[in-house]
Amino acid sequence: MLEQEQYQQAEQLVREAAGRGSPTAQLHLARALMVDGKAEEAARWYAEVARCSDPDILRAYADELRERGGLDGARAALRSAGDRRAMRKLAALATGTAEGEEAAREAFAAGEATALKDLAEQAEAEERIADAERLYGDAISVFERRRRQREEGVDLIDFEAGPRSLLGYLDPAVLPMPPGETWALRQLVALLDATQGQVAGDDALGQVARGGNPWALERLLRRLRERGQDQEAQALLDGEVERCTPWALWVQAHRAVHDGEVPDGVRRTLLERAAAARVGQAVRALMERAELAGLREEADQWALHAAARGYTTPLWKLVQGREEAGLGEEAERLAWRAAAGQRSWALRRLAQGRAGEQAVPLLRRACDEALAWAPGMLAEHLEKAGEFVEAERLARQAADAGDRQALEELAARRKDDDSDRQWQALLANGLTAEGSPAAPW
């Protein structure tokens, strides 16, 4: 009797939540009604579930429909969910059917590559070469659209976004293609090499390279050189330089910088041209050249130019280099000149690298400028210097701003030799400026 009453109460709670529009409650209620044989009422709640926008709920609903044989409804629910996991399930449902290729494309567009890759590889294994070429081409088109979208939102291009150094390549770049975004082009080129010859593979790479893909251009240049076609490779690179392709401009500038026979004025001109094409490494090289020449204001401008565009490596390298050279004031002055986001980050790293009293003036100014991390860090330095009251005040200030670490560490250090257990008061209520327990904050 008690169990029945509890069940009825639970059902009432679920009904109330479902009535308020909770998709989870609606799905649970529909399931329970189906078990109780109330299919008509269950169908009404399932219809509500189908109208929700929660991908997790829609995928669960699709699983139920699939188990009951409702494949069309399951496909509709998965398309409504629209996320990567849903598209993977949609492609699996369509495997071996006339809709399989379209479902694989939908899944791929949502970020799930497995289905389209499997179809292309299957076509290749079955020697349906035209189908394999078309499917690899579909994948390349999606990857290229993503690459262009990424580049539209980038102020400076980073050609060192990878694990290998510049000198590890025939041409100077670790090319910024995210893992997994080259497989379709690589496999298409291998297929064309095997079936139509290397010129066909070159043509496929060239088509993608002309669309602005630096990975394809670098790979094509490498292939030409490996076959001893150096003149063709140079002509290709020269053509891309004329088109102001960023990677080609960086290759040209990089070579000039490392060629002792190139006049310095030419090196600078080539670097500036690459920098104008948004190549971050060219900006960094110009900054380093200015610093070595003692042109500190020019070096500052290049570093700040890069940092304002999201490429912070040159700024930190310059700050760090001056700090290590004993030019602490200049390092600090440059960090303060950076834009707000980079300024806070650079100053914090600078303060972390300074020992003892050396960090205190910088931290006091950072506190005055309301940098959130500064009070806690300054409290730690002052406590080590024996300025306990001031350290406690700053630790409380940091905790008020949401950073409790300094306060908790201060209390922990008192714990072992605090017979009055004031360390607990420090955590629970804080202390007055004189060090006595204070009222709750």
| said: Set out, in order, the CA-CA distance, both residues' side-chain angles and the distance that settles side-chain contact (heavy atoms from CB on, under 4.5 Å) for Trp215 and Leu185, then state yes or no. | reply: CA-CA 10 Å; Trp215 185 90; Leu185 183 54; 3.6 Å; yes

| task | Given side-chain contact (heavy atoms from CB on, under 4.5 Å), test Arg278 with Tyr311 step by step and report yes or no. | result | CA-CA 11 Å; Arg278 302 182 300 129; Tyr311 183 41; over 6 Å; no

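Without hydrogens or angle criteria, Arg147 side chain to Gly212 main chain gives a donor-acceptor distance under 3.5 Å. At distances below 3.5 Å, not a single donor-acceptor pair connects side-chain atoms of Arg284 with backbone N or O atoms of Ala306. Formation of a donor-acceptor pair under 3.5 Å by the Arg267 side chain with backbone atoms of Val262 is found in this model. Of the possible polar contacts, none joining the Arg243 side chain to the Gly239 backbone as a donor-acceptor pair under 3.5 Å is found. Without hydrogens or angle criteria, Glu240 side chain to Ala248 main chain gives no donor-acceptor distance under 3.5 Å.
The distance from atom CZ of Arg219 to atom OG1 of Thr182, rounded to the nearest 0.5 Å, is 10.5 Å. Remark: Glu323 CD to Leu318 CG distance equals 12.0 Å, nearest 0.5 Å. With rounding to the nearest 0.5 Å, the separation of CG in Leu220 from CZ in Arg225 is 10.0 Å. Considering CD of Glu272 and CG of Leu249, their distance stands at 13.0 Å, rounded to 0.5 Å. Summarising the geometry, atom CG belonging to Leu286 is positioned 11.5 Å from atom CG belonging to Leu295; distances are rounded to the nearest 0.5 Å. Rounded to the nearest 0.5 Å, atoms CG (Leu237) and CD (Glu232) are 13.5 Å apart.
Looking at Leu304 and Leu334, their side chains come closer than 4.5 Å, going by heavy atoms from C-beta outward. Under the 4.5 Å side-chain criterion, counting only non-hydrogen atoms from C-beta, Gln196 is not in contact with Asp203. At a threshold of 4.5 Å between non-hydrogen side-chain atoms, the residues Leu135 and Asp138 count as touching. Residues Leu315 and Trp302 fail the side-chain proximity criterion, which asks for heavy atoms closer than 4.5 Å. Taking the side chain as every heavy atom from C-beta outward, Thr245 and Trp250 never approach each other to under 4.5 Å. You'll find the side chain of Leu236 reaches within 4.5 Å of the side chain of Leu217, heavy atoms only. For the pair Leu270/Val266, a side-chain contact is recorded, criterion being any heavy-atom separation below 4.5 Å from C-beta on. In this structure the side chain of Pro314 never reaches within 4.5 angstrom of the side chain of Glu288, judged on heavy atoms.
Residues forming a side-chain hydrogen bond (donor to acceptor under 3.5 Å, both in side chains) with Glu126 (at least two apart in sequence, or on another chain): Gln122, Arg128. Scanning for side-chain contact (heavy atoms from CB on, under 4.5 Å) contacts around Thr195 gives Ile129, Leu191, with sequence neighbours left out. A search for side-chain contact (heavy atoms from CB on, under 4.5 Å) contacts involving Gln198 returns Asp193, Arg223, Arg227, not counting sequence neighbours. The side-chain contact (heavy atoms from CB on, under 4.5 Å) search around Arg348 returns Gln352, Trp373, Met377, not counting sequence neighbours. With sequence neighbours excluded, the residues satisfying side-chain hydrogen bond (donor to acceptor under 3.5 Å, both in side chains) with Arg322 are Glu291, Asp300. With sequence neighbours excluded, the residues satisfying side-chain contact (heavy atoms from CB on, under 4.5 Å) with Glu329 are Arg333.
A donor atom on one side chain and an acceptor atom on the other are not found under 3.5 Å apart for Asp230 and Gln234.
Of all non-hydrogen atoms in Ala120 and Tyr136, the two that sit nearest each other are CB-CE2, 3.5 Å. Counting all heavy atoms, side chain and backbone alike, Val189 lies closest to Ala204 at CG2-CB, 4.4 Å. Closest of all the heavy-atom pairs between Ala274 and Ala253 is CB-CB, 4.4 Å. Counting all heavy atoms, side chain and backbone alike, Ala351 lies closest to Ala359 at O-CB, 3.9 Å. Taking every heavy atom of both residues into account, Ala275 and Val283 meet most closely at CB-CG2, 3.9 Å. Closest of all the heavy-atom pairs between Ile140 and Ala184 is CG1-CB, 3.8 Å.
More than 12 heavy atoms of other residues, nucleotides or ligands lie within 6.0 Å of CD in Glu121, so this atom counts as buried by the packing criterion.
The cationic group of Arg365 lies under 6.0 Å from the six-membered ring centre of Trp336 and within 45° of the ring axis, placing it in a cation-pi geometry.
Using a cut-off of 4.0 Å between Lys/Arg side-chain N and Asp/Glu carboxylate O, Glu332 and Arg354 are scored as salt-bridged. Salt bridge present: Glu297 and Arg337 bring a charged side-chain N and a carboxylate O closer than 4.0 Å.
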